[in-house]
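Single-structure report; data block below.
All heavy atoms count here, side chains included; hydrogens, waters and symmetry mates do not. Below, chains carry the letters A, B, ... as their sequence lines are ordered, and counting in each starts from 1.
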4 protein chains.
Amino acid sequence: MASREERKKRITQRREKQILDAALLVFSRKGFDKATVPDIARQAGIAVGTIYNYYPGKRDLLIAITNKYIIAPFAEFAANNAGYTDAGFIAAIMENRLSFGLEGLEKFLPLFIEMQRDPELRRRYSEKVLSPVMTMMEKLVASRIEAGAFRDVNPAVVTRAIGGMVIGFMLLYRVEGDRSPIHGIDRKNLADELASLVFQGLVRK
Amino acid sequence: MASREERKKRITQRREKQILDAALLVFSRKGFDKATVPDIARQAGIAVGTIYNYYPGKRDLLIAITNKYIIAPFAEFAANNAGYTDAGFIAAIMENRLSFGLEGLEKFLPLFIEMQRDPELRRRYSEKVLSPVMTMMEKLVASRIEAGAFRDVNPAVVTRAIGGMVIGFMLLYRVEGDRSPIHGIDRKNLADELASLVFQGLVRK
Amino acid sequence: MASREERKKRITQRREKQILDAALLVFSRKGFDKATVPDIARQAGIAVGTIYNYYPGKRDLLIAITNKYIIAPFAEFAANNAGYTDAGFIAAIMENRLSFGLEGLEKFLPLFIEMQRDPELRRRYSEKVLSPVMTMMEKLVASRIEAGAFRDVNPAVVTRAIGGMVIGFMLLYRVEGDRSPIHGIDRKNLADELASLVFQGLVRK
Amino acid sequence: MASREERKKRITQRREKQILDAALLVFSRKGFDKATVPDIARQAGIAVGTIYNYYPGKRDLLIAITNKYIIAPFAEFAANNAGYTDAGFIAAIMENRLSFGLEGLEKFLPLFIEMQRDPELRRRYSEKVLSPVMTMMEKLVASRIEAGAFRDVNPAVVTRAIGGMVIGFMLLYRVEGDRSPIHGIDRKNLADELASLVFQGLVRK
DNA sequence: CATGAATGAGTCTTCATTCAT
DNA sequence: AATGAATGAAGACTCATTCAT
């Protein structure tokens with residue numbers, strides 16, 4: 001028995017999702033600058049003006065998307081894995097990210113690229129997502145080093161190398177497309193190969 | 001004793017360089033879409049119309065830049081290192097690329113990003129640069145495996161992981177900026193750490 | 001014991017006043033074109049749609065305001081002073097108008113300005129307010145001339161000169177604002193000075 | 001024998017005049033808010049974009065018009081009449097202004113009205129035009145009082161009353177249009193009647 | 001009656017490209 | 001060959017008005 005207030009709120013949220021999903025799709029396909037607000041409206045099946053009833057401008061759509069699809073999920077992920085220091089974690093996170101990345105590649109990579117060009121978005125992303133993730137992984141690597149499991153590497157550098165590998169791998173995957181010899185390979189196998197490379201690179205022998 | 005023809009050609013080349021350098025700078029600063037042709041003309045110190053005497057349109061500037069600053073240098077590099085299979089090569093190339101990359105980050109990364117959004121540019125880049133480089137490195141890795149020096153990894157995947165690591169590392173470096181703990185570290189040390197990670201990850205023990 | 005009809009009517013009138021007062025305020029602050037219907041609704045504390053239940057459009061609000069706050073009061077004033085021919089009348093009306101004007105300057109002058117731009121409103125105002133007032137004053141001046149009290153001026157012209165003086169004085173007062181040397185002067189004194197100027201200008205010596 | 005520079009400058013000035021004249025006409029007819037930039041372009045016989053090559057925005061057209069057609073002429077007038085203190089001056093200035101005003105009424109009054117709504121324009125107008133004119137007239141009135149020719153009035157108030165009379169008279173003239181009994185009267189006669197009213201109002205008897 | 005989300009025509013403004021000089 | 005003023009198509013954004021609830 002939803003009150004009037006609650007029903008209204010639900011409708012509002014549905015609209016916001018509708019708009020954000022459409023914007024994400026259009027931004028991904030054409031890039032932020034080339035995407036037009038009428039494009040987004042058409043994709044969402046609503047009128048141009050409606051978008052402006054929910055978001056004050058085109059750039060705010062980008063910000064909202066970033067919040068909803070990147071920052072919020074990461075925050076949740078981070079909260080759930082705060083104390084995790086197990087050795088298998090690296091492989092897990094890598095597979096997780098890689099799966100997520102290859103899956104949503106066409107969708108989110110253009111978004112990530114777009115963010116590169118907006119200093120404020122870049123800063124927000126850096127603060128809310130990258131720094132926490134990096135810090136978490138740094139601690140993990142440091143604890144493994146201390147435990148004698150890993151070689152004596154610089155945790156900060158190595159962490160960024162691993163994170164960068166995941167991102168860069170996806171970029172290359174996309175750029176090469178079906179011309180790449182790795183195009184058909186199963187995602188799980190790709191993740192395993194990367195994880196193994198990193199693990200062997202870190203482990204003390 | 002330069003003939004009229006030759007002199008003309010020299011002037012033309014100077015103009016083209018003048019325009020392309022300006023375009024590279026402006027594209028890097030503002031991104032392709034936000035950069036305007038008058039911006040570029042102003043930066044080059046010439047009139048708008050002059051640009052159109054040398055290049056048919058704005059997008060052609062991007063293509064020409066890509067050819068001149070990315071594809072041509074790589075082609076030359078590839079020609080000079082065709083048969084290279086030495087083990088230190090990975091470290092060398094990594095340091096080379098990393099130095100180049102961190103150096104020209106602000107200049108070329110926006111260009112790279114821009115390329116991501118133009119399917120044709122992406123394809124050209126993939127064909128002319130990535131594939132040759134990847135093939136070259138694949139062969140190198142494969143020969144090392146055959147020689148028993150490297151573990152039995154998938155050369156295609158590993159090659160892309162390493163290349164991606166370099167690219168992704170630079171991206172993260174840029175996104176985090178001076179908030180990163182690795183911000184002040186010497187470039188040479190960064191390259192060594194990455195090379196060591198990769199080498200240890202590959203080597204058979 | 002108010003019938004259902006009467007109660008309904010009272011509610012309706014209250015709503016109309018509520019809307020018109022809000023519209024007057026907003027029009028005064030931002031001008032007709034820059035004022036938005038949502039602005040007015042917000043000011044009135046009601047929903048946008050409600051306004052359209054009482055007035056068919058934005059412009060009709062302006063017309064209704066003019067009727068209610070300018071035409072109707074003047075009509076009443078005119079009815080009450082139909083036969084007035086006393087000599088002190090000029091001073092009285094001038095003080096009255098000036099007081100009213102300086103008082104409601106910020107409120108009604110923008111409205112008056114707005115009216116200037118709408119030909120139909122201008123005509124209505126001219127017919128319903130100006131002509132009656134001018135005619136009334138013309139007669140007064142003429143009778144004073146006939147009585148030998150005033151010089152032999154053209155009553156129509158002089159009447160408009162006096163009326164114009166009041167309006168123009170207020171305009172200048174507003175434009176100059178607190179940079180004017182007359183800014184701090186008491187309203188009563190201002191009115192006296194103006195009335196004296198006019199009276200001396202008219203009186204036969 | 002105009003140099004290239006000079007010819008260019010002349011063309012530019014012609015364009016600016018062309019645009020400003022068109023803008024003045026359209027603003028006068030429809031008011032600032034209802035006038036559209038395409039309207040102005042059409043009136044000037046040029047493309048929309050051309051206007052933006054000369055003025056950064058619509059509002060800047062209003063400012064430029066005010067400068068060119070109101071502030072600059074007044075500055076020139078003021079410079080030419082700086083020391084004028086003759087008694088006939090009031091009549092002269094009144095006739096001058098009245099002629100100017102009734103002449104350009106349809107053109108400039110809407111502009112004046114528009115200015116009322118833009119606080120910055122209002123301030124500029126007040127500073128550059130009104131204050132100098134008022135100061136000039138104040139001095140004139142004061143000197144006449146000192147000479148015993150005028151009654152002992154407040155020069156600041158009286159000056160604004162006279163200035164206001166001219167402006168207000170024109171306003172009423174316009175509002176009443178051809179329904180006014182003074183509609184057909186010769187401009188010279190109107191000015192004389194007003195000047196006489198003021199003069200008699202001021203003179204000591 | 002009251003509500004306020006949805007609509008889309010209408011604005012201002014930008015900028016790639018052209019072309020007369 | 002160089003110039004840069006002119007062009008107008010295209011895009012972001014506003015807001016009067018409607019209508020389902």
Side-chain angles (χ1 to χ4, degrees), chain A residues 4 7-8 11-12 14-15 18-19 33-42 44-61, chain B residues 8 11-12 15 19 32-42 44-61, chain C residues 8 11-12 15 32-42 44-61, chain D residues 4 7-8 11-12 14-15 19 33-42 44-61:
Chain A
R4 185 182 306 266
R7 199 176 330 149
K8 198 182 288 183
I11 290 175
T12 291
R14 191 180 316 167
R15 265 275 189 270
Q18 186 184 8
I19 292 170
D33 289 307
K34 292 223 167 63
T36 72
V37 178
D39 277 345
I40 297 167
R42 204 173 309 120
I46 59 177
V48 174
T50 304
I51 291 177
Y52 286 90
N53 286 341
Y54 289 86
Y55 298 94
K58 184 180 165 188
R59 189 166 162 280
D60 300 273
L61 288 172
Chain B
K8 197 182 284 184
I11 290 176
T12 292
R15 268 274 189 268
I19 292 170
F32 180 76
D33 288 302
K34 293 224 166 66
T36 72
V37 178
D39 276 345
I40 296 166
R42 203 174 309 120
I46 58 176
V48 176
T50 305
I51 291 177
Y52 283 88
N53 287 336
Y54 289 87
Y55 299 94
K58 184 180 167 187
R59 192 167 158 280
D60 301 275
L61 289 173
Chain C
K8 196 183 283 187
I11 290 175
T12 292
R15 268 274 190 267
F32 180 76
D33 288 303
K34 294 226 167 64
T36 72
V37 178
D39 276 343
I40 296 166
R42 204 174 308 119
I46 58 175
V48 176
T50 306
I51 292 177
Y52 284 86
N53 287 336
Y54 290 87
Y55 299 94
K58 184 182 169 186
R59 191 167 160 280
D60 301 275
L61 288 172
Chain D
R4 184 182 305 268
R7 199 177 327 149
K8 198 182 286 182
I11 290 176
T12 292
R14 191 180 315 167
R15 265 274 188 272
I19 292 170
D33 289 308
K34 292 222 168 63
T36 71
V37 179
D39 278 344
I40 296 166
R42 206 173 306 119
I46 58 176
V48 175
T50 304
I51 291 177
Y52 286 89
N53 286 341
Y54 289 86
Y55 298 95
K58 186 181 164 187
R59 190 168 162 279
D60 300 273
L61 289 172

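To the nearest angstrom, C1' of E:dT14 lies 17 Å from NZ of D:Lys58. Residue B:Ile46 contributes atom CD1, which lies 11 Å from atom P of F:dG4 at whole-angstrom precision. Here F:dC15 presents its C1' atom at 18 Å from CZ of C:Arg59, a figure rounded to the nearest Å. Atom CG of B:Asp60 is separated from atom P of E:dA16 by 13 Å (rounded to the nearest Å). Residue D:Asp39 contributes atom CG, which lies 13 Å from atom P of E:dG10 at whole-angstrom precision. Between A:Lys8 atom NZ and E:dA6 atom C1' the separation is 14 Å, expressed in whole Å. Atom P of nucleotide E:dT11 and atom CD1 of D:Ile51 are separated by 14 Å, given to the nearest angstrom. Spacing between atom CZ of C:Phe32 and atom C1' of F:dC15 amounts to 12 Å, rounded to whole angstrom units.
Residues in residues 49-59 of chain B take part in these side-chain hydrogen bond (donor to acceptor under 3.5 Å, both in side chains) pairs, two or more places apart or across chains: B:Arg59-B:Asp118, B:Arg59-B:Glu120.
Counting only Watson-Crick and G-U wobble pairs whose two key distances fall under 3.5 Å, DNA chain E forms stems of three or more stacked pairs at E:2-21 with F:2-21.
Within the 4.5 Å cutoff, no side-chain heavy atoms of A:Arg42 are placed close to those of A:Val48. For the pair D:Ile51/D:Leu61, a side-chain contact is recorded, criterion being any heavy-atom separation below 4.5 Å from C-beta on.
In this structure D:Lys34 satisfies the side chain to side chain contact (heavy atoms under 4.5 Å, CB included) test together with C:Phe32, C:Asp33, D:Lys30, sequence neighbours excluded. Every side chain to side chain contact (heavy atoms under 4.5 Å, CB included) that D:Pro56 has, sequence neighbours left out, goes to D:Asp60. Partners of D:Thr36 by side-chain hydrogen bond (donor to acceptor under 3.5 Å, both in side chains), not counting sequence neighbours, listed by chain and number: D:Asp39.
Both A:Gly45 and C:Arg15 lie close to DNA chain E; mapped to their nearest nucleotides by heavy-atom distance, the more 5′-ward contact belongs to C:Arg15. Positionally, the nearest nucleotide of DNA chain F for B:Thr12 lies more toward the 5' end than for the other of B:Thr12 and C:Ala35.
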Dump every N/O contact between nucleotides 18-21 of chain F and the protein below 3.5 Å, one line per pair.
none

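Checked against E:dG8, E:dT3, F:dT7, the side chain of A:Ala47 finds its nearest nucleotide in E:dG8. Picking from E:dA16, E:dT13, E:dA2 the nucleotide with the shortest atom distance to the side chain of C:Tyr54 gives E:dA2.
Looking at heavy-atom distances under 4.0 Å, D:Thr50 makes contact with a base. Heavy atoms of A:Ile11 sit nowhere under 4.0 angstrom from any nucleic acid atom. Heavy atoms of C:Tyr55 sit nowhere under 4.0 angstrom from any nucleic acid atom. Using a 4.0 Å heavy-atom cutoff across all strands shown, B:Lys34 reaches no nucleic acid atom at all.
Closest of all the heavy-atom pairs between B:Ala47 and B:Ala41 is C-CB, 3.9 Å.
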